[in-house]
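As the structure is a prediction and not an experimental result, all values here were calculated from the model.
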Amino acid sequence: MALQHIEPHHEAYTFLMKGLRELDFRGNAVPCDLLLTGDKAFPLAMNSQGQVLMAASLYGRGRIVVLSHEVYLTTFPALVENALMWLRGDGSDNLSVGVQKHVEAVADNFNNSQFQVKVVEAFSENLGVGVYVTDAYSVGDDPKDLLAFVKAGGGVLIAGQAWNWAAGHPKENIILHFPGNKVSSVAGIYFSQHYGAVEILCVHPQIPSSWMAVKVGKKFEDDLEILLKGISEFKLQNGLVASEVLVHGPLSFPIGTTEDGRVFLAGAYYGKGRVVVISHEELLKQEALAPVWKNAIDWLDNDRKGVIGVSKDLNAALPHFSKSGINCTKTQFRKDLSVYVCTAYTDENVEEIQDFVAEGGGLLIGGHSWWWTNNNSGKNPMKDFYGNKILNKMGLSLLKQTIDEGSYKAPVLSQDTTDNSHFCHLLRRVAGHVIKGEELTKFEEQCLKRLGSDCASYLHMKAYDWYSYTQVVSTLTGILKKAGMPQVNEKNPVKTPKDHLLLKMGTALFEVCQDPDALLPYLIKDTPLTADVYNRRIRIHVNASKMDQWISSGLYLSPGMKTDITVPAEIVNKGWKVQIGCQTDYLKADNLKRAPRVHKQFPITSEMMKVWNLWGGLIYLIAPPTKQVVEIEVTVQMAVSAPYYKSGETTAADWSLLRTAPSPWAELEFENIILTVPSDVVRGLEHPDKLAAYWDAIMRGIADLAAIPHTFPRKERLVTDVQISHGWMHAGYPVMAHMPTADDLVNIDSAKSKGLWGPIHELGHNQQRRCWEFPPHTSECTCNLWSVYVHEEVLGINRVQAQVYMDPVQQNKRVEEYVKGGRNLHNWNKWVALETYMQLQNKFGWDAFKKVFAAYHGMTNIPNDNKGKMNLYAETFSQTVQMNLCGFFKSWGWPIETSTEDKLSNLPLWTDHPMVQYD
């Protein structure tokens, strides 16, 4: 499966393989499989089992080519000559090549070439060569000079295999101790103990890639034995919230996981060094976890017994480290350290720290990315978060997903379960399942849903210049082309973990792949609508508002359709965005009737921008908060027209055509609200002006009760969807409702007979204010004041007719039960609490509520606690109606204070209130 796009290493690959059509590996030599990590390494030859037999990489300003057996130095003279030319570097005129004496046979191939060959005992810094050729066994125990040579711009051709060495050193760590790895690993290429299968390989125009090459590079029992010594559990305490860790490199591995396999502690090899990451820095400071950090630092130090440096922002960790016998010092990053302990919140020394680890140092780093993500809207945590700038290349990433406090058991080394928390392992298993029919275990099947989220996170690294990243993209593309993406809809919900995986995988892959048009037919089977609008100019009017506003365009993009939008320079880089799609709920359900996320936003950073969305959607401009009215014009290159009615602008003649527009979604924009419904619902709507008048009256009623101007600073929005995040409807911007609600929203006759309790309930939620709310008691109560008011005062529908729960018999029964229960505020909520307000309304009318809400508009220094706010409300209502209501509220169990009673003592008492009968 070759990569379908040109990648950054392609030019180097083309040069190295110039003139070669095939490579015949058959013969007596048994190669080893080369393991590639990091961002610079890429294969030159890969067999049909996904094993890498030749590879190249960069390190510093220099270059490395690695062959998986020393015999290949003479078996493939043309490739070796290409390699020597490439290893010289661009622009170098140094033709001198040093050849280690154990492979001097390679020198015979260059007797008639332009190279000047020197056969030497060992590398030295005064050789004066541009390239050095050696086998993997003759580089010495500490090849510092050779590494410095490469880092400064030199080239190294190294060949060998590690399986024979591994057989003779059964207890040795091959990754760290095999001689060749002491050179090649700094560039992300490792010799392994695994035999490589030999065959004739065709030389392809693109860098070879295979789903079988996506794998975990070693067993980590020996590492975990050190890291988990004496550890039976990990206690994440003190209410902290950690990030998940994505373990994605072939030499990275989980150390601590939750029961369902989410990782909070992980390690990795990187070059000649190691790293351990904990996904909250406060855990480094907790005494209970000190034994964990003792083990981690021992593993990272690797018997060097060097200086352990701890960054200054981890002062609180020092005493616990010292008590554990760790000899550490507070310091900034230094290259002479053995282990550096730091947080993930600085982008200083990123490259220096990476080089420090690659050259043998140890890194213990702690931090989480979820807080940063929440406070850096529009940025990509996988690329932009400071810690990930260091960790991504090491095969570890901190995610925005969170892990709560708890006690989590340490893994049992005899049970090989940690692989299922490794991204590469699960991805390789899924690829084998889809492409070759390999059976998955039950536990692996359970992990597939999480793998979908991990795929999305990994892809958002957008590391197009890494071979390892493009190989994952290629593997995911192959999976999707073989399995297809489930065509999720109401009749075909996504239920299985595998379908969840494919849905998330396809969505994320479309966002990042470099040829999304080629992928689209495998993701969306229905033929998308074609554009019927070209170069449409749209005048945008934005009211002054303290909040973001969506501005409707009346246009729709089909799934995957791309369009260019031209905007005026005055809104570029000013917080404006383009949004495709109005269904903004993120779904976490096990049964999905649509994809979890179906809208997409694009920050406006240039005057012309290309926008699209896999799922299609109506086109919006999102205006940031503004203190002034804004008038601008934008141009949409091409789109699909939508049924879009706007009060005061759309004529009857316009609407007769627009209501048949092909978009599947329609919008009706009235004075203070915008309704988004399926287009089928409005096809037969002949008089939208009458519906507008109906909704205008409703919204003015909402404004009247809230004591705010009739013209809302930001029009409310009500959007219908096939599935929403919670409830039958929920409040917000927009208010979200299930699809069947759409008919009620546009059918005046139905609404006049049955009412619109649900939608107005949610619009009431949007009018609730913290200053007079007493959560959780009134959260689902006071919003109903608007439902009652609008139905009775605007729609002329009695409260009992509008809502069965308002029946007086039922209300009285609830009140009686509340009183019998001891008037405990724990039970004062929803319909019980609403009766408190209804008793006030029955006595004092709606004008009293309007005056009370108006009074709150001008208040400052509102108490934060319910008790304080309830006393303020009792005082405010009493002053408004000029009657002492303390007795009434006390009858309901409100915590009325003596000071409140004193303030109201000059007002006449309400002695005949409805609760007197229960006193």
So, are [X] and [Y] salt-bridged, with charged N and O less than 4.0 Å apart?
| X | Y | result |
| --- | --- | --- |
| K389 | D384 | no |
| E405 | K235 | no |
| D721 | K593 | no |

Would you check, one step at a time, whether the test side-chain contact (heavy atoms from CB on, under 4.5 Å) holds for L265 with V245? CA-CA 7 Å; L265 178 64; V245 180; over 6 Å; no
Can you tell if the side chain of [X] reaches within under 4.5 Å of the side chain of [Y], non-hydrogen atoms only?
| X | Y | answer |
| --- | --- | --- |
| K600 | Q579 | no |
| V310 | K330 | no |
| V339 | L363 | no |
| E282 | N238 | no |
| V567 | V572 | yes |
| I403 | V241 | no |
| T258 | E244 | no |
| F423 | D454 | yes |

If you apply the rule ring pair (Phe, Tyr, Trp, His ring centres under 6.0 Å), what do you find for F333 with Y340, and how did you get there? CA-CA 7 Å; F333 172 73; Y340 183 50; 5.4 Å; yes
Distance alone, cut at 3.5 Å: any donor-acceptor contact between the side chains of [X] and [Y]?
| X | Y | answer |
| --- | --- | --- |
| H248 | S397 | yes |
| S407 | E233 | yes |
| K504 | S453 | yes |
| T343 | D313 | yes |

Determine whether a donor-acceptor pair (N or O, by modelled atom type, separation under 3.5 Å) exists between the side chain of [X] and the backbone of [Y].
| X | Y | value |
| --- | --- | --- |
| D585 | M736 | no |
| H460 | K383 | no |
| H320 | A290 | no |
| W211 | I479 | no |
| N420 | C447 | no |
| Y386 | E348 | no |
| N376 | W372 | yes |
| T257 | V263 | no |
| R717 | W550 | yes |
| S545 | P625 | no |

As a quick check of understanding, evaluate salt bridge (Lys or Arg N to Asp or Glu O under 4.0 Å) for R429 and E444, giving each step before the final call. CA-CA 8 Å; R429 294 287 291 125; E444 285 171 341; 3.0 Å; yes
Could you walk me through whether K577 and D548 pass salt bridge (Lys or Arg N to Asp or Glu O under 4.0 Å), step by step? CA-CA 10 Å; K577 300 173 186 175; D548 286 358; 5.2 Å; no
Pi-cation contact, W612 with K562 (under 6.0 Å, within 45°):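 Yes, a cation-pi geometry.
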Between Y733 and R714, is there a cation-pi geometry (under 6.0 Å to ring centre, at most 45° from the normal)? yes
Derivation and outcome, side-chain contact (heavy atoms from CB on, under 4.5 Å), residues L364 and I297: CA-CA 7 Å; L364 174 57; I297 289 173; 4.1 Å; yes
Aromatic rings F253 and Y269: how do their planes relate, parallel, tilted or perpendicular, breaks at 30° and 60°? tilted
What is the ring orientation for Y458 with Y469, classed by angle as parallel under 30°, tilted 30 to 60°, or perpendicular over 60°?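 Aromatic pair Y458/Y469 classed parallel.
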Could you state the interatomic distance from CD1 (I622) to CD1 (I551), rounded to the nearest 0.5 Å?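 Here the rounded value is 9.5 Å.
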Value rounded to 0.5 Å, distance of CG in L523 from NZ in K481: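 It comes to 10.0 Å.
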For the ring pair Y467 and F42, is the centre-to-centre distance below 6.0 Å?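 Y467 vs F42: aromatic centres not under 6.0 Å.
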Residues two or more places apart in sequence or in another chain: which of them pass side-chain hydrogen bond (donor to acceptor under 3.5 Å, both in side chains) with Y620?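 Counting only residues at least two positions away or on another chain, Y620 forms a side-chain hydrogen bond (donor to acceptor under 3.5 Å, both in side chains) with E667.
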